Undergrad: 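My questions will all concern the structure given below.
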Amino acid sequence: MSANPPAAVIVLAAGEGTRMKSKTPKVLHEICGRSLVGHVVSAARELGPEHLCVVVGHAREQVAAHLEEHYAGTRTAVQYEQNGTGHAVRMALEELGQVDGTVVVVCGDTPLLSGLTLGTLAATHAADGNAVTVLTAEVPDATGYGRIVRDPATGAVTAIVEHKDATEEQRAVREINSGVFAFDGRLLADALGKVRTDNSQGEEYLTDVLGILREAGHRVGASVAGDHREILGINNRVQLSEARALLNRRLLERAMADGVTVVDPASVQVDVTVTFERDAVVHPGTQLLGATHVAEDAEVGPNTRLKDTKVGRGARVDNTVADSAEIGEGASVGPYAYLRPGTRLGIKSKIGTYVETKNATIGEGTKVPHLSYVGDATIGEFTNIGAASVFVNYDGEKKHHTTIGSHCKTGSDNMFVAPVTVGDGAYTAAGSVITKDVPAGALAVARGQQRNIEGWVARKRPGSAAAQAAATAAEEPGGED
């Protein structure tokens, strides 16, 4: 929260965004796990404003529902017809009523804009006693942007000149208008009532307020963004991908500065809600999404996708997909494992190659090393599950639970038909279908007796390669009589 929080922040998110060519409203497109408007609202909340209002218009029910679900407490104002930015701000002020103090206006499609930059804008506005303060940026190429024209003597902003209207001298200026402003609330409301629509678009432009206030003798100032990339707006899919790459790199650099090793940042993707502890290691080709947390000394990747997953201290997760799972301290997962929601792995447990788990609690030191499905199950401590085991949890209508105790050894190619319990210290034989509870310390054998039918190949497959091989074997010393 800033030292002097603004009275209100208004987020303009009513536009249709036709250049996105999408059924999804532009401001609801996501980068790094958060919608475009969500990034802006999150940055605005860092200022601690008394009021936070988002102006919605196109697909307003969808945008408002998104805000209600993810950003409860955010107010919305409806711009039923998109009649310009000035009109949008006027709709917000009608919703909020009289606002005394600083009003910050920001676009809903600028996801890289930080709370720090907005806070600096508001602080500069208050310190300089401006009627309006423009957030500007120095850009390498200002083509197409409105130029900031300043008074050479005082440095005050005298005009914002659009590129098409600028002189050659003005086009040489690299300081541009970001479309983000801080206003005196009372002066803003008064000036909006004087904005005209006699322009090529027939709309109320917010930028006209600057001229109105300046002509009335009020000061217009500027705050220059430290990084011009923060003010980038999103209008199409190309710009969306560029912003995602910039934000992703920012997040990874922050993690690396805090002591995380990211082996190849170009191939790693993270969401803004992902957290790390010092000395975590992220290998190439890894995606960390949602509320994923990677603890100290843990290693994730390569080629791993974790969503809403907690990785414990010193755990190793390799070539794995996990969703809403908990991986215990020192646990080993993968390669080629799939942890579905509800998976909880104990300390130093192991989930091996081609193993899938769902709604399963695996105890400390327990191993499920190979080619198995563990669903709706509880397995105790220091148990070993044999290769190619299946926890048969679904009867066609309901899911049922399997419990396997501690220090058990289950054979390969077992099926545990739920509901069933295997007691502590019990063994099961390879190839068994376990349908009844197994007492503690017992050996369960649930398979048919082997029967060898001599001469079957010679009788049923005469002349085949198998029959010839069998005949040759019988003729060799020590072969069958």
Side-chain angles (χ1 to χ4, degrees), residues 31-33 244-245 247-374 379 381-385 387:
I31 63 171
C32 299
R244 180 183 292 111
L247 180 55
N248 190 72
R249 182 70 191 195
R250 181 196 294 175
L251 294 169
L252 290 176
E253 287 178 351
R254 186 181 303 161
M256 289 186 283
D258 289 338
V260 176
T261 294
V262 182
V263 177
D264 180 22
S267 69
V268 173
Q269 296 182 21
V270 294
D271 282 352
V272 293
T273 44
V274 171
T275 54
F276 301 92
E277 294 178 17
R278 186 176 61 181
D279 290 323
V281 178
V282 183
H283 291 282
T286 295
Q287 299 177 45
L288 303 175
L289 312 174
T292 292
H293 176 76
V294 183
E296 183 178 359
D297 295 325
E299 293 190 45
V300 294
N303 307 317
T304 292
R305 183 179 187 272
L306 308 181
K307 179 182 179 183
D308 298 328
T309 293
K310 293 180 172 59
V311 182
R313 186 176 185 272
R316 182 72 176 90
V317 184
D318 180 5
N319 282 268
T320 291
V321 174
D323 183 359
S324 304
E326 295 180 14
I327 299 169
E329 180 178 335
S332 173
V333 182
Y336 313 118
Y338 181 20
L339 310 183
R340 291 167 58 189
T343 295
R344 295 184 295 277
L345 307 183
I347 296 171
K348 295 184 179 180
S349 59
K350 176 180 176 62
I351 298 296
T353 304
Y354 300 115
V355 173
E356 178 180 346
T357 63
K358 186 268 294 182
N359 193 26
T361 298
I362 313 294
E364 178 180 354
T366 286
K367 299 178 180 180
V368 187
H370 322 285
L371 303 161
S372 297
Y373 170 68
V374 181
I379 306 176
E381 299 177 349
F382 305 103
T383 284
N384 189 85
I385 303 298

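Remember, it's a predicted structure, so these values are computed and weren't measured experimentally. Residues: numbered from 1 along the sequence shown.
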Undergrad: Contact between N384 and K367 at the side-chain level, heavy atoms closer than 4.5 Å - yes or no?
TA: yes

Undergrad: Determine yes or no for a side-chain-to-main-chain donor-acceptor pair under 3.5 angstrom, with R316 supplying the side chain and G301 the backbone.
TA: yes

Undergrad: Any sub-3.5 Å donor-acceptor pair from N248's side-chain atoms to V268's backbone N or O?
TA: yes

Undergrad: I need the minimum non-hydrogen distance between L345 and L339, along with the two atoms involved.
TA: CD1-CD1, 4.0 Å

Undergrad: Quick check: does any side chain N or O of T320 sit under 3.5 Å from a backbone N or O of D318, one acting as donor and the other as acceptor?
TA: yes

Undergrad: Do F382 and E364 have side chains that get closer than 4.5 Å, going by heavy atoms?
TA: yes

Undergrad: If I take atom OG1 from residue T357 and atom CZ from residue R340, how far apart are they, to the nearest 0.5 angstrom?
TA: 8.5 Å

Undergrad: Show the nearest heavy-atom pair for residues A387 and S372, with the distance to one decimal.
TA: C-OG, 4.1 Å

Undergrad: Is there side-chain contact between I362 and V374, with at least one heavy-atom pair below 4.5 Å?
TA: yes

Undergrad: So how far is it from R278 CZ to T261 OG1, rounded to the nearest 0.5 Å?
TA: 12.0 Å

Undergrad: Please give me the minimum heavy-atom distance between G312 and A295, naming the atom from each residue.
TA: C-CB, 3.6 Å

Undergrad: Working to the nearest 0.5 Å, report the span between CG of N303 and OH of Y336.
TA: 7.5 Å

Undergrad: So does G290 get a backbone contact from the side chain of D271, meaning a donor-acceptor N/O pair under 3.5 Å?
TA: yes

Undergrad: Quick one: which of T309, T275, D308 gives a side chain to side chain donor-acceptor pair (under 3.5 Å) with H293?
TA: T275

Undergrad: Between L289 and R305, which heavy-atom pair has the shortest distance, and what is it?
TA: CD1-NH2, 3.4 Å

Undergrad: State, to 0.1 Å, how close G328 and A315 come at their nearest heavy-atom pair, and which atoms those are.
TA: O-CB, 3.6 Å

Undergrad: Between R313 and D297, does any NZ, NE, NH1 or NH2 come within less than 4.0 Å of an OD or OE carboxylate oxygen?
TA: yes

Undergrad: How long is the straight-line distance from CD1 of I327 back to CG of L306, given to the nearest 0.5 Å?
TA: 6.0 Å

Undergrad: So with a 6.0 Å cut-off around NZ of K350, is the heavy-atom count from everything else above 12?
TA: yes

Undergrad: Identify the two heavy atoms, one from G363 and one from S349, that lie closest to each other, and give their separation to 0.1 Å.
TA: O-CB, 3.6 Å

Undergrad: Does the T304 side chain pair with the main chain of P302, one donor and one acceptor, at a distance under 3.5 Å?
TA: yes

Undergrad: Roughly how far, to the nearest 0.5 Å, is the OG1 atom of T366 from the CD atom of E381?
TA: 7.0 Å

Undergrad: What I'd like to find out is whether the side chain of V272 reaches to under 4.5 Å of the side chain of L247, using heavy atoms alone.
TA: yes

Undergrad: Within a strict 4.5 Å, meaning less than it, do heavy atoms of the Y338 and K358 side chains meet?
TA: no

Undergrad: Rounded to the nearest 0.5 Å, how far does CZ of R344 lie from OG of S324?
TA: 11.5 Å

